Amino acid sequence: MTIRFDRPVSHAAHASRLIAAFALVLCVLVLLGHRFGPLATPNLVLLLLISAGVAAIAVFLAVVGLVQLWQIGAEGGVSAFKALVYAALPLALLVVGAERYVALPELYDVSTDVGNAPQWLKPPHADQIWMTRKTDLTPEDRAAQSTAYPALTGRRYEGAADRVLEAVRQVAKDSRITITKVEGAADIEPDAPPPIPLPRGGNDAAVTDAPDLVPVPTPRPDEEDEVASLIRRNTDVTLQGETRTRILGLRFDVLIRLHEEAETTLVDIRVASRYGPHDLGFSAAIAEAYLKALDAELLGIAGD
């Protein structure tokens, strides 16, 4: 007489595999929909949180299945293992995001010039949906940025602004930053007709309405007043653009300012996340990567 042993079945383990598979499929579809489709970032975050919550339930059931396998030899060990594998991606995104959210200050806008950040040529605007944030940054926010990212500073290069500007444009292109608006010397047409030369010689009759007193240019003021701001707007070159992260496709607005002083050119950059009150450190990473690439492009002419 043959004795047949029927192993119990862990329904929790089998259910965990199905639930984890659903969480993984949801996570992948959401990422693809945001990276290549019309899905907005606030909806991406919400759906990723849902996916991670479902994955956490699957992990709990998988652990129950493994315990039953150990205690009573219940079937379902393979299903529980698959559930843990499927749930890895949604939970990894949640853990990494939570760690960055807690460890880094709540900032969505960073600048290499914390005292006089470059001003947007066209202020970015996007529907935040449920991810509301404050519109104005305070000095405390800039101080928190300086503490969290002490290496994020502007660059000074020995050379004229036009030479540095060429490198700035090339590095922006290589960094997948699309320039959308330019203000300053960069928007002068290169093929513009040259000015009509004045007649040479001592014939003063050629200029009939010349003033008796010729104004002499005054030195650039050091104080932050309206005149200084006007002069800076007329002499600086500002480029505004946008970029997206390579994998997640998160959108960021970028502002690059060139300020020429004597024989050097100062380059500052400002990066802001388009959505949400917290950029999870991506803005500073984009700015630092751009400045390092610019240093390599202008290798040998960087000043102290």
Side-chain angles (χ1 to χ4, degrees), residues 3-108 128-133 148 176 243-252 273-286 288-289:
I3 299 176
R4 182 179 178 181
F5 176 73
D6 293 330
R7 292 180 58 188
V9 177
S10 174
H11 298 289
H14 291 289
S16 68
R17 178 176 59 85
L18 297 177
I19 296 175
F22 171 77
L24 177 61
V25 171
L26 176 61
C27 179
V28 172
L29 291 179
V30 166
L31 292 176
L32 293 177
H34 180 264
R35 185 64 182 84
F36 303 103
L39 187 64
T41 300
N43 295 331
L44 165 74
V45 175
L46 179 61
L47 292 174
L48 286 180
L49 290 175
I50 294 175
S51 174
V54 174
I57 296 175
V59 169
F60 173 77
L61 294 176
V63 172
V64 172
L66 292 176
V67 171
Q68 292 177 342
L69 172 64
W70 175 261
Q71 293 180 342
I72 60 177
E75 293 182 357
V78 175
S79 296
F81 177 77
K82 289 182 179 180
L84 296 177
V85 174
Y86 295 160
L89 177 60
L91 291 179
L93 292 176
L94 175 65
V95 171
V96 172
E99 188 274 334
R100 286 172 170 257
Y101 190 91
V102 174
L104 299 176
E106 187 174 333
L107 297 172
Y108 66 88
Q128 301 297 316
I129 309 179
W130 64 276
M131 298 176 64
T132 58
R133 66 186 186 186
R176 297 177 298 107
T243 186
R244 302 184 70 180
T245 56
R246 190 179 299 273
I247 298 178
L248 296 180
L250 302 174
R251 297 181 181 274
F252 290 82
S273 173
R274 188 168 296 181
Y275 297 93
H278 202 307
D279 62 8
L280 303 181
F282 283 107
S283 296
I286 293 173
E288 290 174 352

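All of these numbers come straight from a predicted model, not from anything done at the bench. Starting from 1, each residue takes its place in the sequence as its number.
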Exercise. Is there a donor-acceptor pair closer than 3.5 Å between any side-chain N or O of S273 and the backbone N or O of Y275?
Worked result: yes
Exercise. With a 4.5 Å heavy-atom cut-off, do L280 and V96 have their side chains touching?
Worked result: no
For this session: May I ask you to decide if R244's main-chain N or O and R176's side chain share a donor-acceptor pair within less than 3.5 Å?
Result: yes
Exercise. Just by distance, do the side chain of R133 and the backbone of P277 share a donor-acceptor pair under 3.5 Å?
Worked result: no
Seminar exercise, completed: CD1 of I286 to CZ of F252, rounded to nearest 0.5 Å, is 4.5 Å
Exercise. Taking C-beta and beyond as the side chain, do R274 and Y108 meet within less than 4.5 Å on heavy atoms?
Worked result: no
Tabulate below the donor-acceptor pairs under 3.5 Å that side-chain atoms of residues 67-87 make, not counting sequence neighbours, or state none.
from	atom 1	to	atom 2	distance (Å)
Q68	OE1	S10	OG	2.6
S79	OG	H14	ND1	3.2

Exercise. Nearest 0.5 Å, what's the CZ-CG distance between R17 and L61?
Worked result: 13.0 Å
For residues 36-58, which side-chain donor-acceptor pairs fall under 3.5 Å, sequence neighbours excluded?
from	atom 1	to	atom 2	distance (Å)
T41	OG1	H34	NE2	2.9
S51	OG	A23	O	2.8

For this session: Indicate yes or no: at least one non-hydrogen side-chain atom of L104 is less than 4.5 angstrom from one of H278.
Result: yes
Problem set entry | Approximate separation, where rounding is to 0.5 Å, of L93 CG and L31 CG | 6.0 Å
For this session: Answer yes or no on whether R100 is positioned over the face of F282, meaning its NZ or CZ is under 6.0 Å from the six-membered ring centre and within 45° of the axis.
Result: yes
